[in-house]
Structure formats: C-alpha cells, structure tokens
> 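Pasting in a structure now, in structure tokens, and then I'll have a few things to ask.
Labels below follow one simple rule: chain letters A, B, ... track the order of the sequence lines, proteins then strands, and each chain is numbered from 1.
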Amino acid sequence: LTTWNVMLAGYMKVGDMECARRIFGEMPQKDQVSWSTMIVGFAQNGCVDDAFGLFREMQKLGRSPSETTLMGCLSACEQAGAFKYAEILHAYVEKTGFTCIVEVSNALLDAYAKCGNISKARLVFERMMEKTVVSWTSMIAGLAMYGYGKEAIDLFQEMELSGMRPDGVAFISILYACSHAGLIEEGSEYFHKMEPVYGVRPSLQHYGCMVDLYGRAGLLHRAYEFVTRMPVEPN
RNA sequence: CUCCAUAACGUAAUCGU
C-alpha cells in the first residue's frame, strides 16, 4: 500500500495528474493517505474542483475524510479562494467534532482569511480552546492581508502576553502587516528586536520583508541602503 | 512494544482591468 501511495505522491509532485489518477484507479486498496495524496495533489496543481470531487466521492463511498485529509482540503480552498468550499468543509468539521483538533481549526481559520472572510476567520480564532503559534500567526497574517496593521500589532502583543513565543514565521507575518499598513517605525522596531529580545535570527525572508517595508513606503534610499548592508547574500 | 518509509495546518517580493 505504501508503495502505491509513493507512486501517487510522485506523479502528483511532477504534475502528472493523469498517471496519478490511473494508479489511483488501479490500486487494490486505498487508505486515508491515498485519498489525501490525491486531493492535495489536485489542489496543489490548481485543480480544486477535482480535489473536491474526490472529497465528495469519498463520502459517497462511506469513508470519512480524516483530519489530515480535511486540512489538505482546507488548504486547497485558500489556493483557489474557494469560499463556497470552505463553508462546506466548515459544516463537516463541526459535524465530526474535528474543531477540537487545533490543526484543523488552524486550517479553517486560514482558509476563511484567504477566501475573503476575515470575520469568520476571527470567529474561528476566538472560539479555539487551544491555540498554537500557528493559530496566532494565521490570524495576524489574515488581518495583515486586509491592511489591518494596527490590529495585527495588537494581536501580536496579545500573543506575547499569553505566553506564546513568536517564531520566525510569526515575524514574517508581523513585518508583512507593518509593510502593508505603512507602519515603518513599528516594523523596523520588530525587526531589530528579533534576535536580541526574542532569540529569532532573521532569515533572508525577513530581510526581504524589510526591503519591502521601506520600498512600499517610497523610502527607496533606505531600502537600497538596507540591501547593501544586509549580512546575508541578497537574492 | 519501540523506531523507520508514503499524504497533511501559518511563510516576503514580482501578476493592470
């Protein structure tokens, strides 16, 4: 079974959905990994309708999509901005009680944010019993996408107060938020506190965010100076 | 029983309507 699954994953990875589909039809048994591989594979190759077709087919066959399959489906929604699918999946999540699985709620919150419904995303976030750094980061990034920079910063502070330690991705989100809301000083303050205060070494992506922060605000000299002085090789 | 192999939640910039 694993061997068949590996074949599915391989074909999907190179974008050969026809071969993957053929193998999927030929294999003697299928498990959750097989279904999940197909659904996520279609989604990542931009075929969201095929992905959901399989989700439906799975249910018709009386198999319950696992939490992992669900996370893949939700992640597929965001790539397509497929709000209608996000709502269907939300209903399924509620029905099955998967809401208590933090990763599933994270995926749901992120899908709503990326599909254009920030208030539903917020609702999912507020109702979560348990939050991980992924939950906080997804919410912060969601607010940032809508240009709510101030709110993103407030949430970042709230996260710190709750005792959650921000990681590298959390900093990418807050820098993204500052950049898109024109909060230049706030952004550079966060950047400069990263390593000394939080112990997170800035990566190339963080430097990229800073160049964007200055450049987007029209501070081209500052952006240029930043690029020439950064300690990692600019890409 | 333990470990290992296949899927799976947050990740900057570039995309006119």
Side-chain angles (χ1 to χ4, degrees), chain A residues 1-13 20 23-24 27 29-45 51 54-55 58 65-79 86 89 93 98-99 101-114 121 124-125 128 130-145 152 155-156 159 164 166-180 187 190-191 194 200 202-217 223 226-227 230 232 234-235:
Chain A
L1 182 54
T2 300
T3 315
W4 289 90
N5 285 342
V6 172
M7 292 305 292
L8 291 182
Y11 278 124
M12 278 305 191
K13 227 155 255 168
I23 301 280
F24 187 70
M27 55 199 289
Q29 314 114 26
K30 302 170 181 59
D31 66 357
Q32 288 287 347
V33 175
S34 326
W35 286 94
S36 186
T37 304
M38 289 299 289
I39 291 172
V40 173
F42 275 126
Q44 287 176 350
N45 283 294
L54 278 187
F55 179 78
M58 202 176 171
S66 69
E67 64 271 30
T68 301
T69 305
L70 258 178
M71 287 188 275
C73 290
L74 285 164
S75 177
C77 291
E78 82 201 22
Q79 290 161 46
L89 290 170
V93 168
F98 279 148
T99 19
I101 299 175
V102 66
E103 288 87 352
V104 173
S105 285
N106 287 344
L108 188 61
L109 133 63
D110 182 54
Y112 271 136
K114 296 217 169 89
V124 172
F125 180 77
M128 291 176 73
E130 181 199 349
K131 294 181 177 76
T132 63
V133 69
V134 175
S135 324
W136 288 97
T137 304
S138 303
M139 195 65 242
I140 290 167
L143 291 168
M145 277 176 54
L155 200 63
F156 193 93
M159 171 177 73
M164 185 65 70
D167 64 4
V169 181
F171 276 102
I172 289 171
S173 300
I174 196 67
L175 293 175
Y176 175 93
C178 292
S179 158
H180 287 254
Y190 273 119
F191 179 80
M194 278 181 69
V200 179
S203 73
L204 184 59
Q205 280 185 65
H206 298 102
Y207 287 99
C209 289
M210 290 308 289
V211 178
D212 178 62
L213 176 81
Y214 295 132
R216 196 178 292 274
F226 194 87
V227 175
M230 53 193 266
V232 297
N235 66 359

> Take atom OH of A:Tyr11 and atom P of B:rU6, then tell me their distance rounded to the nearest Å.
19 Å

> How would you list, by chain and number, every residue that makes a side chain to side chain donor-acceptor pair (under 3.5 Å) with A:Asp31, sequence neighbours excluded?
A:Asn5, A:Ser34

> Just how far, in rounded Å, is C1' of B:rU6 from CD of A:Gln29?
15 Å

> Could you note down all residue pairs passing salt bridge (charged side-chain N to carboxylate O under 4.0 Å, His left out) where residues 136-145 of chain A supplies at least one of them, sequence neighbours left out?
none

> In whole angstroms, how far is the P atom of B:rU11 from the CE atom of A:Met139?
13 Å

> Counting only heavy atoms from other residues, nucleotides and ligands, does the tally under 6.0 Å from OH of A:Tyr214 exceed 12?
yes

> Write down the protein N/O and nucleotide N/O pairs, taken from nucleotides 12-15 of chain B, whose separation is under 3.5 Å; answer none if there are no such pairs.
unit_1: B:rA13; atom_1: OP1; unit_2: A:His180; atom_2: NE2; d: 3.0

> Kindly write out the residues that satisfy side chain to side chain contact (heavy atoms under 4.5 Å, CB included) with A:Met164, not counting sequence neighbours, or none if the list is empty.
A:Val133, A:Trp136, A:Met159, A:Ser162

> Hey, would you say the A:Phe191 and A:Phe171 ring centroids sit under 6.0 Å apart?
no

> Report all interatomic pairs (protein N or O, nucleotide N or O of nucleotides 8-10 of chain B) with separations under 3.5 Å.
unit_1: B:rA8; atom_1: N3; unit_2: A:Thr68; atom_2: OG1; d: 3.4
unit_1: B:rC9; atom_1: O2; unit_2: A:Asn106; atom_2: ND2; d: 2.8
unit_1: B:rG10; atom_1: OP1; unit_2: A:Glu78; atom_2: OE2; d: 3.1
unit_1: B:rG10; atom_1: O4'; unit_2: A:Ser138; atom_2: OG; d: 3.1
unit_1: B:rG10; atom_1: N1; unit_2: A:Asp167; atom_2: OD2; d: 3.3
unit_1: B:rG10; atom_1: N2; unit_2: A:Thr137; atom_2: OG1; d: 3.3
unit_1: B:rG10; atom_1: N2; unit_2: A:Asp167; atom_2: OD1; d: 2.8
unit_1: B:rG10; atom_1: N2; unit_2: A:Asp167; atom_2: OD2; d: 3.0

> Give, for atom CG of A:Asp167 and atom CE of A:Met194, the distance between the pair rounded to the nearest 0.5 Å.
9.5 Å

> Which residues pass the ring-ring contact (aromatic ring centres under 6.0 Å, His included) test with A:Tyr112, not counting sequence neighbours?
A:Phe83, A:His90

> Locate the shortest heavy-atom distance separating A:Phe125 from A:Lys131; write the atom from each residue and the value.
O-CE, 3.2 Å

